[in-house]
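Here is the structure we will look at, set down as structure tokens.
By convention here, the first residue in the shown sequence is residue 1. Just so it is clear, the model here is predicted, and its values are computed rather than measured. Atom set for the values below is all heavy atoms of this structure, side chains included, hydrogens, waters and symmetry mates excluded.
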Amino acid sequence: MNYFFTLEQVLLTKYPKEKIEKFKHFYENFINNKFTFEDNYIPCKLKEPSYSNFLEIVKPTALPKIKNFNTIEGKKYLLHTILHIEYSAIDLALDAALRYQNLPLQYYSDWLEVANDEVRHFIMLENLLNELGGKYGDFPVHKNLFEAMENTPEFLRRMAAVPRYLEANGLDQNPKIMEKLKSNNDPFNRKILEALNIILEEEVDHVTKGDTWYKYACDLENLPYDETYLKIIEEVFPGSTKRKMDLNFEARKKAGFSCELLKTLSKKQDCN
């Protein structure tokens with residue numbers, strides 16, 4: 001199996017079911033060491049999200065304003081929102097495993113493992129949405145994650161902006177959603193909570209992997225970790241370093257964030 005060529009075909013596949021089937025076949029070959037790296041591979045340029053032909057894409061400000069998770073419609077929208085994040089995350093992990101060459105084998109193994117986790121998350125959430133009579137595509141979506149991928153073709157910037165910023169933000173938001181769901185002793189809410197708890201635990205590992213390879217990229221260029229991170233995320237997400245961030249300190253510290261960086265981002269005097 002030609003690693004880059006075959007993985008590119010997985011990434012470019014449009015529909016979830018087909019993409020997941022192709023990925024599982026690819027990943028099985030990878031973990032069984034049935035692959036070769038091509039020396040002359042040129043990464044593809046993605047001009048639009050893989051989901052653009054079956055989802056309605058709108059600006060984030062045009063998304064529905066549904067905040068009550070205790071109605072059927074609210075549950076559907078919540079699940080659909082997280083489901084879209086997970087599907088986007090599959091593409092982000094596949095692209096990370098595809099776009100950068102001549103890295104240690106562990107790098108490719110790490111991001112394919114992340115992609116495999118995101119596939120499981122997607123299937124788990126899709127099943128819950130189906131239980132409510134919903135399906136992926138019932139609500140409009142935004143393409144913020146795709147745009148972040150599009151705007152960070154360089155290895156260092158990608159590792160800073162995607163796993164260490166966007167995915168780390170998920171560590172902060174997930175517990176807040178879980179608290180809202182806990183406020184109502186609804187049997188289906190408990191199902192969603194179980195899924196979100198699995199996602200939160202595994203996302204810590206994803207951010208940790210991102211932290212490892214971000215620091216590896218900094219070391220290649222002899223760059224300081226925290227100062228470089230703040231510079232990159234301010235460039236990619238203007239204003240992100242200026243606002244006070246409500247952080248999940250415990251999860252972020254587990255994932256490799258320094259206390260000094262957490263204090264800078266949260267505008268607090270300590271990181272407890």
Side-chain angles (χ1 to χ4, degrees), residues 49 57-69 74 77-78 80-82 84-86 88-89 92 96 140-183 196 199-201 203-215 217-218 223-272:
I57 301 172
V58 300
K59 293 182 179 179
T61 53
L63 291 172
K65 307 298 182 186
I66 300 175
K67 296 183 179 180
N68 186 355
F69 302 154
Y77 183 59
L78 172 64
H80 193 279
T81 299
I82 305 171
H84 181 60
I85 291 171
E86 296 302 321
S88 300
L92 284 164
V141 300
H142 65 71
K143 59 175 183 176
N144 283 6
L145 294 180
F146 173 79
E147 289 173 347
M149 179 171 70
E150 191 178 30
N151 294 334
T152 55
E154 307 89 355
F155 178 49
L156 173 61
R157 288 168 68 85
R158 174 67 62 83
M159 292 299 106
V162 174
R164 223 171 176 258
Y165 181 76
L166 291 176
E167 200 153 11
N169 286 349
L171 302 181
D172 308 325
Q173 298 305 316
N174 190 317
K176 297 174 187 176
I177 296 171
M178 293 174 76
E179 282 304 311
K180 286 185 178 181
L181 290 169
K182 288 176 184 176
S183 66
L196 291 181
I199 290 171
L200 178 60
E201 289 179 4
E203 295 293 348
V204 172
D205 178 65
H206 299 176
V207 179
T208 303
K209 285 180 169 63
D211 180 76
T212 296
W213 293 108
Y214 165 74
K215 290 172 179 174
C218 283
L223 296 171
Y225 300 150
D226 291 353
E227 294 89 335
T228 302
Y229 176 74
L230 292 170
K231 179 176 182 292
I232 291 173
I233 65 169
E234 184 60 32
E235 290 171 353
V236 180
F237 309 103
S240 57
T241 63
K242 305 295 190 296
R243 63 185 177 86
K244 180 180 178 181
M245 298 177 69
D246 185 12
L247 305 179
N248 183 338
F249 281 77
E250 181 182 357
R252 282 180 178 255
K253 283 191 281 188
K254 282 182 183 178
F257 280 74
S258 73
C259 187
E260 287 305 310
L261 182 57
L262 293 175
K263 288 193 291 185
T264 299
L265 294 172
S266 65
K267 309 296 186 287
K268 291 185 177 180
Q269 298 301 311
D270 59 61
C271 61
N272 297 317

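- Residues meeting the side chain to side chain contact (heavy atoms under 4.5 Å, CB included) test with K267, sequence neighbours left out: K244.
- Shown here for A160 and I233, the closest heavy-atom pair between the two residues is O-CG2, 4.2 Å.
- At least one side-chain heavy atom of Y214 sits under 4.5 Å from a side-chain heavy atom of Y225.
- The salt bridge (charged side-chain N to carboxylate O under 4.0 Å, His left out) pairs that include a residue from residues 151-163 are D95-R158, E154-R157, R157-E235, where partners are two or more places apart or lie in different chains.
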Would L265 and L230 count as a side-chain contact (heavy atoms from CB on, under 4.5 Å) here? Give the steps. CA-CA 9 Å; L265 294 172; L230 292 170; 3.8 Å; yes
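- Residues meeting the side chain to side chain contact (heavy atoms under 4.5 Å, CB included) test with A89, sequence neighbours left out: E118.
- Remark: side-chain polar atoms of S88 are not paired, donor with acceptor, to backbone N or O of L145 under 3.5 angstrom.
- Residues satisfying the ring pair (Phe, Tyr, Trp, His ring centres under 6.0 Å) criterion with F146, sequence neighbours excluded, are absent altogether.
- Looking at N174, its side chain never comes within 3.5 Å of a backbone N or O of G170 through a donor-acceptor pair.
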### Task
Start with the C-alpha gap between D246 and K176, add the side-chain angles, then the distance that decides, and say whether side-chain contact (heavy atoms from CB on, under 4.5 Å) holds.
CA-CA 10 Å; D246 185 12; K176 297 174 187 176; 3.3 Å; yes
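- Among residues two or more places apart in sequence or in another chain, the side chain to side chain donor-acceptor pair (under 3.5 Å) test is passed with R252 by N169, D172.
- Remark: the D226 side chain and the S258 side chain contain an N/O donor-acceptor pair separated by less than 3.5 Å.
- By the side chain to side chain contact (heavy atoms under 4.5 Å, CB included) test, E250 pairs with N248, K254, sequence neighbours left out.
- Counting heavy atoms from C-beta outward, D211 and P163 have side chains that stay 4.5 Å or more apart.
- Contacts of D270 classified as salt bridge (Lys or Arg N to Asp or Glu O under 4.0 Å), with partners at least two apart in sequence or in another chain: none.
- For E227, the side chain to side chain donor-acceptor pair (under 3.5 Å) test picks out no residue, with sequence neighbours left out.
- Every side chain to side chain donor-acceptor pair (under 3.5 Å) that Y165 has, sequence neighbours left out, goes to R243.
- Contact of the K215 side chain with the M159 side chain is not registered, since no non-hydrogen atoms from C-beta on lie closer than 4.5 Å.
- In this structure, the ring pair (Phe, Tyr, Trp, His ring centres under 6.0 Å) partners of H80, at least two apart in sequence or on a different chain, are Y136, F139.
- D205 meets the side chain to side chain contact (heavy atoms under 4.5 Å, CB included) test with K209; sequence neighbours excluded.
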Assess the residue pair R164 and L261 against the criterion (side-chain contact (heavy atoms from CB on, under 4.5 Å)); give the C-alpha distance rounded to whole Å, side-chain angles, the decisive distance to 0.1 Å, and a yes or no. CA-CA 12 Å; R164 223 171 176 258; L261 182 57; 3.7 Å; yes
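- Between L63 and T81 the shortest side-chain heavy-atom distance does not fall below 4.5 Å.
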Checklist line | Stepwise side-chain contact (heavy atoms from CB on, under 4.5 Å) check, L92 with E167 | finding: CA-CA 10 Å; L92 284 164; E167 200 153 11; over 6 Å; no
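- Considering all non-hydrogen atoms of both residues, L196 and L181 come closest at CD1-CD1, 3.7 Å.
- Applying the salt bridge (Lys or Arg N to Asp or Glu O under 4.0 Å) rule to E260 yields the partners K263; only residues at least two apart in sequence or on another chain are considered.
- Here the side chains of V58 and V141 are not in contact, with every heavy-atom distance at 4.5 Å or above.
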